[in-house]
Each structure stands twice: as structure tokens, then as C-alpha cells.
Amino acid sequence: MEKGTSFLFSGITFDKKKFAADFARFKEKKESDDLVESGKSEAEEGARPVKKRKRKATVADPVEGFNVFKTSKSSAQGIQQNDQEKSELSQAKKELNRQIEKDALLRKKHNIHISGNNVPSPLENFSELSSRYGCESYLLHNLAELGFKEPTPIQRQAIPVLLSGRECFACAPTGSGKTLAFVCPMLMKLKHASKDGIRAVILCPTRELAAQTARESKKLAKGKKFYIKLLTKELLRSGGISKLPCDILISTPLRLRSAIRKKKLDLSRVEYLVLDESDKLFELGLVKQIDAVVKACSNPSIIRSLFSATLPDFVEELARTIMHDAVRVIIGRKNSASELIKQKLVFAGSEEGKLLALRQSFVESLNPPVLVFVQSKERAKELYTELAFDDIRVDVIHADLSQSQRENAVDDFRAGKTWVLIATDVIARGMDFKGVNCVINYDFPDSPAAYIHRIGRSGRAGRTGEAITIYTEDDVPFLRNIANVMAASGCEVPAWIMALPKMKWKKHRPQRDSISTKPKDQKE
DNA sequence: TCTACCA
């Protein structure tokens with residue numbers, strides 16, 4: 001990766017020692033500030049206007065950057081005060097400690113792990129949105145209407161963090177409500193529609209996910225006039241989006257970058273930037289595009305946030321270089337699968353064996369909707385033609401299809417018209433299909449993260465699901481890593497797999513034999 | 001070394 005050339009990498013080389021003195025001074029000052037502020041009552045805390053942080057737009061502030069993951073220890077050491085002030089201070093300190101204990105308890109209960117300075121208290125319930133943050137009734141109404149009764153762990157913590165004007169990166173299991181966790185505070189902070197240009201941007205790695213996020217955001221904003229736009233080809237063709245009012249723009253990276261290059265829109269006033277499925281977005285090939293978008297969002301007080309179910313260390317390191325005093329929120333264990341999914345491994349000796357096993361399982365128990373993942377577009381097409389004549393309502397989705405074909409595939413699957421959807425990893429991330437009963441990894445996933453996201457299409461929003469991963473001889477060296485994920489989420493794994501040698505694994509894409517069965521006359 | 005991502 002080209003360090004130094006891109007904005008995202010710009011902060012990575014800064015010299016910690018060089019800034020050590022500044023850092024120490026900064027920390028001292030910050031701690032005394034924190035104490036005074038935190039001493040206020042909770043109501044005040046909610047009403048407190050967010051401090052406008054003035055800073056340079058280009059390079060991450062080294063002092064804050066250095067400090068990002070340090071947990072704050074608010075102590076009054078070294079401060080000289082008279083008696084009156086001292087007693088007020090100790091009163092404030094007690095109050096603060098009580099709140100800290102309460103927060104810690106709530107976090108423990110919901111498996112919320114945090115790091116960062118002065119992290120806001122987690123939500124006990126959605127009604128705190130109005131008592132602490134003055135949330136308008138339309139939003140509370142929509143939450144209730146859409147069936148959100150209790151905040152999920154990620155929502156409990158990430159919403160207050162973002163509402164306090166803090167940058168955030170968040171890792172929470174698939175299907176645990178991350179979209180709501182960033183859209184809800186966004187709507188609250190934007191307050192109402194405005195014609196001030198584009199005010200918030202959400203980036204998603206696929207068009208399907210972008211469309212889904214746009215739809216969900218609109219549902220949440222219902223009854224309030226907000227301009228929420230999905231950046232589509234049509235929208236770009238129909239002339240300047242710059243002339244249209246737009247509060248929230250949702251796009252895929254490449255489309256947004258090309259629009260920026262053609263000067264079709266202006267991101268200089270963007271106040272909020274969300275990178276959804278951030279680890280995917282930071283992958284080689286997509287980073288450059290993200291970089292262009294991040295650069296174009298030149299407003300110095302922008303709040304950026306990263307969300308994903310998988311958060312590899314290198315993404316955290318990159319994030320550290322662009323984020324300012326960010327709060328890190330991890331729900332449960334990092335990079336883990338939902339515990340609601342029953343995960344199984346199945347051996348197949350050959351491609352023919354795979355196909356046989358799949359057909360067999362459909363005959364025995366087809367419990368739609370079912371998702372079948374394969375490793376390439378070609379194989380998706382092949383498997384589709386193979387199954388198309390079976391007595392099953394089957395469909396395919398991959399990026400070689402036209403936009404409308406892709407949309408239809410998703411819609412039909414959502415509507416239950418398609419029982420079995422064959423797919424590449426296009427829909428492996430973020431897509432929320434209601435009640436997927438089973439995910440079949442027909443081809444072994446190419447990384448543990450891919451595995452977690454694929455199987456995460458089922459077992460969403462508290463429902464249970466099933467995941468079957470077919471493996472061949474070629475996949476055996478990679479089995480152990482998947483087995484670790486399974487074991488960590490409470491599934492049983494054969495002992496021989498756990499005894500396999502451990503290995504670091506970047507990408508696994510073996511050459512596989514053709515899916516289709518040989519023509520009958522050759523079989524003899 | 002190819003899935004996804006513009007024209």
C-alpha cells in the first residue's frame with residue numbers, strides 16, 4: 001500500500017516521541033477540563049452544546065491521534081484550590097464516580113467494550129434520547145412504529161457517542177442494528193431539512209447495501225421533511241445534484257468519486273461521514289476511492305465514523321490516523337459471529353460431490369429462504385444453470401447482471417418468490433433479508449471476515465439461523481480459522497479440526513473444477 | 001488475481 005501518497009495514510013508515520021511533551025501537557029489540561037465538565041448534572045450534559053472543534057482539515061492532530069485509545073482517568077491531582085472549591089470539587093467527583101459505576105454496570109450487562117476519552121454514558125432506553133438529547137417526537141414515534149423497543153448494545157453506546165459530537169468506530173455483530181446506530185444520531189444532529197448543500201454522507205461497499213440504507217433512513221425520517229438521496233446513475237445524469245437540496249447522501253465509493261471528479265457535487269459542507277462495512281471499504285482497490293471522498297469532505301469539524309462487524313487491526317491503525325479523539329466501541333468479542341447461528345461443516349470430495357450434497361439437502365429439507373454463496377461470478381452462473389431446471393424456485397445475483405436484474409433478484413428474494421438465491425459476495429455484507437433460514441457456503445469463504453458476513457445474513461435481529469459450510473481437500477488448511485470463529489460463537493467443532501495447524505490467512509481462492517456435471521454420454 | 005466498485 002502506498003504509504004505517504006494518500007491522505008488516509010498521511011498520519012501513520014508521525015513520531016510519537018517528538019510529540020511526547022505536547023502530549024503530556026495536553027493530557028494534564030484535558031483532565032482538569034473533563035472534571036469540571038463532568039461534574040454537571042446529567043440533564044445539563046444532554047443539553048450541553050457540542051463543542052465546535054477547530055482543527056486542520058488535512059493532517060490528523062498528532063496529540064489527539066496519539067491519545068485516541070487511551071482510557072481517560074479523570075483525576076484532580078495537581079490542582080490547587082481553596083476549601084470552598086475543594087468541597088464542590090469532591091462533591092462533583094462523587095457524582096462523577098457514581099455515574100461512572102452505573103455506566104460500567106450497564107456496559108457489562110450488554111457486553112459493551114469501550115476505549116477513548118470521556119466516553120458518554122450508554123442509553124438505558126430509547127426515551128433517554130429525548131430526556132438527554134432532546135430528541136424530537138417524530139423519531140421516537142418512528143422507532144416505536146418500526147418495532148424498535150429496546151436499543152441493541154451497539155445502539156446504546158454508539159448513539160450517545162455520536163450525539164456528543166465524537167468520532168467513533170464501532171464493531172458489532174451482523175444483524176445487531178448498526179444502521180440505526182448511525183442514522184438515528186445523524187437525523188437528530190441534522191435537526192431538520194436544509195438547503196445548505198450535502199450535509200451527511202454514508203458510504204457503502206455495494207449498490208444493494210446503499211439502496212437498503214437509503215430506504216431504512218427514509219423510514220426512520222418519516223413524517224419529517226428530510227432530503228435523503230441515493231446517488232444513482234439517473235440522479236447524476238439528470239443534471240446537478242448540487243442544485244438539489246440534500247441532507248443525507250448515500251452512495252458507493254466509486255460512484256461518489258466519479259461525481260466529485262466531474263464536479264457534479266460539492267462535499268465541502270459535509271458534517272457527518274459514515275463508512276459502513278468499513279473494513280471492506282479499506283480493502284485494496286477501494287481505499288483510493290474512500291481517500292478521494294474523505295479529502296473532498298473538507299469541512300474541518302466533520303464527524304467521521306466507521307462501522308463493521310469485522311474490524312481487523314490494520315483498519316484500526318488506519319482509522320487512528322484520520323480520526324480525532326475517537327471512541328472505540330466493541331460489542332462482544334471483536335470479529336465474532338452471531339451466537340444465534342447454528343454453524344456446521346460438511347466435507348465434499350469433489351465438485352460433483354458438492355452438487356450432489358446440495359441437491360440432497362434440498363430434497364430432504366428445503367426451508368426457504370436459503371442463500372447459497374459461491375466464490376466467483378462464473379461459478380454463480382454455472383450453479384444457477386445447473387439448478388434452474390430443478391423443481392426449485394432459484395435465482396442468482398452477481399455483479400455481471402444489470403442494475404435492474406440485480407434489483408429484481410433482491411426484491412424477489414425479499415418477497416419470498418425466490419426460495420434459493422445463489423450469490424457471490426456482493427450481498428455478503430450488510431444486506432438485511434428477513435428471516436433467512438439457512439446460509440450455505442457452497443464455496444469456502446476466502447477469509448474469516450467473509451465467513452462472518454456471509455453467515456450473518458441469517459440469525460438477524462434476534463432470530464435464529466443455520467449456516468452450512470462445504471469444504472473440500474483444498475480448503476482443509478483454512479478450516480481451523482473458520483472453526484475458531486465457530487467455537488467462539490458456541491458451536492461444536494470436531495477435535496481434529498481444532499488440532500490442525502494455525503495459520504495466518506489473507507485470501508483463499510483455489511482453482512475449482514467446473515460445477516456442471518459431465519454430459520451423460522461421457523459417464524458410461 | 002479477482003469480488004466489489006464509474007464512465
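Distances shorter than 4.0 Å separate none of the side-chain N or O atoms of T206(A) from OP1 or OP2 on dT3(B). Within the 4.0 Å cut-off from OP1 or OP2 of dT3(B), not a single side-chain nitrogen or oxygen of K507(A) is found. Regarding contacts with the backbone of dC6(B), a side-chain N or O of R255(A) is found under 4.0 angstrom from either OP1 or OP2. Between T252(A) and the phosphate of dC6(B), there is a side-chain N or O to OP1/OP2 separation shorter than 4.0 Å. In terms of phosphate contacts, R207(A) brings a side-chain nitrogen or oxygen within less than 4.0 Å of OP1 or OP2 of dC6(B).
Which of dA4(B), dC2(B), dC6(B) sits closest to the side chain of S258(A) comes down to dC6(B). Residue H398(A) places its side chain closer to dA4(B) than to any other of dA4(B), dC6(B), dT3(B). Ranking dT3(B), dA4(B), dC6(B) by closeness to the E283(A) side chain, first place goes to dT3(B).
No engagement by R379(A) is indicated, since no non-hydrogen atom pair under 4.0 Å with the nucleic acid exists. The residue K280(A) sits close to a base: some heavy atom pair falls under 4.0 Å. Using a 4.0 Å heavy-atom criterion, one finds that P253(A) contacts no nucleic acid atom at all.
Ion pair E277(A)/K178(A) not flagged as a salt bridge, since none of the NZ, NE, NH1 or NH2 atoms sits closer than 4.0 Å to an Asp/Glu carboxylate oxygen.
Taking the six-membered ring for Trp and the full ring otherwise, F307(A) and F182(A) have centroids separated by under 6.0 Å.
Checking D276(A), V294(A), L256(A) one by one against L203(A), the side chain to side chain contact (heavy atoms under 4.5 Å, CB included) holds for a single residue, L256(A).
For the pair K189(A) and Y272(A), the cation-pi test (distance below 6.0 Å, angle within 45°) is failed.
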